[in-house]
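As a basis for the values below, the full set of heavy atoms in this structure was taken, side chains included, without hydrogen atoms, waters or symmetry mates.
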Amino acid sequence: MPKRPSSLRRQGPNLLTVVAALLALATPAHAARPDPTPGFRFEIVTTDDGSAVTRRIVDDLTRRLVPLFSVFRTELAQRRRMLYVAIGPDALREVAQRRCDCVVISTFTSSQVVRAIVATLPPERAAAVTAVYAEPAPDDQLRLAALLYRRPVRVAALLGPGTAFLKPVLAAGEGANRVAVLDAGKDGDINRLLGQIAQTDALLALPDSSIYNAENFRNILLSTYRHKQGVIGFSSDMVKAGALATTYSEIEDIDAQVEEIVAAYVASGTLPAPQFPRYFRTIVNEGVARSLDVEVSDAVRAFARPAPARKP
């Protein structure tokens, strides 16, 4: 990480590319999806064209889900509704429009996008959709901020229309972490907002495309760096691009949580509410930390909640 704001400016094009990709959280449309696994009442749906990442997700999920459905290949299982696991936003949009007696688990899609898609569905259909969101849980991010600064920390969060639902979650952390929640408003004037949070220690970034877009991202990094504020990002790529730190989940962490949701579904026939990732690890940009005079402790580097080991 460079030591001067001017060197951050030289990274501009890379930062814009990174944030655009982060906010898309989508896969290419109009590509073929895999066939349902024969003999089982589930299907992993993707609109990707077979990228290595998608193959890794599908292969890992298949290994996890086939044994679960094997146990329930009985009359009881046959009475369960068809289950679709949608990988990415385009797959969720496609599955959500299917006319079927089915339930859907959305994965690798941000909370903002999931909620926007589900809001277009009739209530009965919306009730049959759950999700493991792509971005970290705000509670875990706030705990990370406290570990980084080793004291009660003043955290700011900017909320646009797509993330306004998080206000109660963030407000609940106001005791130790003193979260200053600002409504971005209709104008979305990022300079005005950054001026209002200049006295806080850190900015909690959330995947809201009305705020963290290609046009704003460089200004956000420059302003927070100038005010000695750390940005708690919402992905490991964002940290590599200049944010201070984040918790993040690997593919296998998300898949383990999906496995738990599916296991409960095949046993009970019910789905939980959409949820943030349960299992995570931490990444820190050590160069940014040094520039901000933040000493990174072993407790920060070890901050994680690993998924349970799979049974052989």
Side-chain angles (χ1 to χ4, degrees), residues 25 27 33-48 54 56-111 113-135 137 165 249-280 305-312:
L25 289 172
T27 49
R33 64 175 186 269
D35 293 329
T37 304
F40 298 90
R41 293 186 60 77
F42 77 91
E43 180 183 346
I44 300 169
V45 181
T46 173
T47 53
D48 196 294
T54 300
R56 177 179 160 196
I57 294 170
V58 172
D59 290 348
D60 185 59
L61 278 174
T62 300
R63 285 193 296 268
R64 292 173 183 274
L65 301 189
V66 166
L68 294 177
F69 282 87
S70 295
V71 173
F72 288 90
R73 292 181 78 177
T74 62
E75 290 186 11
L76 174 63
Q78 293 305 310
R79 290 199 297 270
R80 293 282 177 260
R81 300 160 75 184
M82 182 70 179
L83 183 144
Y84 293 105
V85 181
I87 311 300
D90 288 340
L92 176 58
R93 292 186 184 97
E94 194 271 324
V95 172
Q97 297 305 318
R98 293 187 185 183
R99 295 184 178 181
C100 60
D101 183 25
C102 58
V103 297
V104 181
I105 301 175
S106 170
T107 62
F108 303 98
T109 301
S110 71
S111 59
V113 175
V114 171
R115 289 173 61 86
I117 293 172
V118 172
T120 66
L121 303 176
E124 183 177 349
R125 189 78 179 95
V129 179
T130 191
V132 179
Y133 297 138
E135 76 268 26
F165 77 99
S249 299
E250 291 281 9
I251 286 172
E252 291 75 16
D253 296 324
I254 299 292
D255 289 354
Q257 191 167 345
V258 172
E259 179 183 5
E260 293 170 355
I261 292 173
V262 172
Y265 169 73
V266 296
S268 67
T270 60
L271 289 175
Q275 52 200 245
F276 289 97
R278 185 175 301 137
Y279 307 116
F280 65 87
R305 188 180 303 124
R310 293 189 65 197
K311 296 180 181 179

| Of the options V132, T54, D255, L92, which is the one that meets F108 in a side-chain contact (heavy atoms from CB on, under 4.5 Å)? | D255
| At their closest point, which heavy atom of S249 faces which heavy atom of P277, and how far apart are they? | OG-CB, 3.2 Å
| message | Rounded to the nearest 0.5 Å, what separates atom CD in E94 from atom CD1 in I117? | response | 11.5 Å
| Are any of the side-chain heavy atoms of V104 and R98 separated by less than 4.5 Å? | no
| Distance, nearest 0.5 Å, that separates CG of L271 from CD1 of I105 | 6.0 Å
| said: To the closest 0.5 Å, what do you measure between OG1 (T130) and CD (Q275)? | reply: 6.0 Å
| Heavy-atom distance under 4.5 Å between the side chains of I87 and L61, does that happen here? | yes
| task | Apply the side-chain hydrogen bond (donor to acceptor under 3.5 Å, both in side chains) test between Y279 and each candidate in E250, E260, E252; give the one that qualifies. | result | E260
| message | Can you tell me how far apart CD1 (I254) and CD1 (I57) are? Round to the nearest 0.5 Å. | response | 9.5 Å
| query | Is it true that a side-chain atom of T107 and a backbone atom of G88 form a donor plus acceptor pair closer than 3.5 Å? | reply | no
| query | To the nearest 0.5 Å, how far apart are CG in D101 and CE in M82? | reply | 11.0 Å
| note | A86 and A91 have their tightest heavy-atom pair at CB-C, 3.9 Å
| query | Any idea which heavy atoms bring T109 and P89 closest together, and the distance? | reply | OG1-N, 3.1 Å
| message | Is it the case that the side chain of T120 and the backbone of V118 share a donor-acceptor pair, with hydrogens and angles ignored and the cut-off at 3.5 Å? | response | no
| task | Indicate yes or no for a side-chain donor-acceptor contact from Y265 to the backbone of R81 under 3.5 Å, with no hydrogens or angles considered. | result | yes
| said: Can you give me the closest heavy-atom contact between E259 and L65, atom names plus distance? | reply: CA-CD2, 4.3 Å
| Is the shortest heavy-atom distance from the side chain of R125 to the side chain of C100 under 4.5 Å? | yes
| message | Any carboxylate oxygen within less than 4.0 angstrom of a Lys/Arg side-chain nitrogen, looking at D60 and R64? | response | yes
| remark: On a heavy-atom basis, the closest approach of Q257 and R278 is OE1-N, 2.6 Å
| request: Could you tell me the separation between the OG atom of S106 and the CZ atom of R115, rounded to the nearest 0.5 Å? | output: 13.0 Å
| With a 4.5 Å heavy-atom cut-off, do P274 and Y133 have their side chains touching? | yes
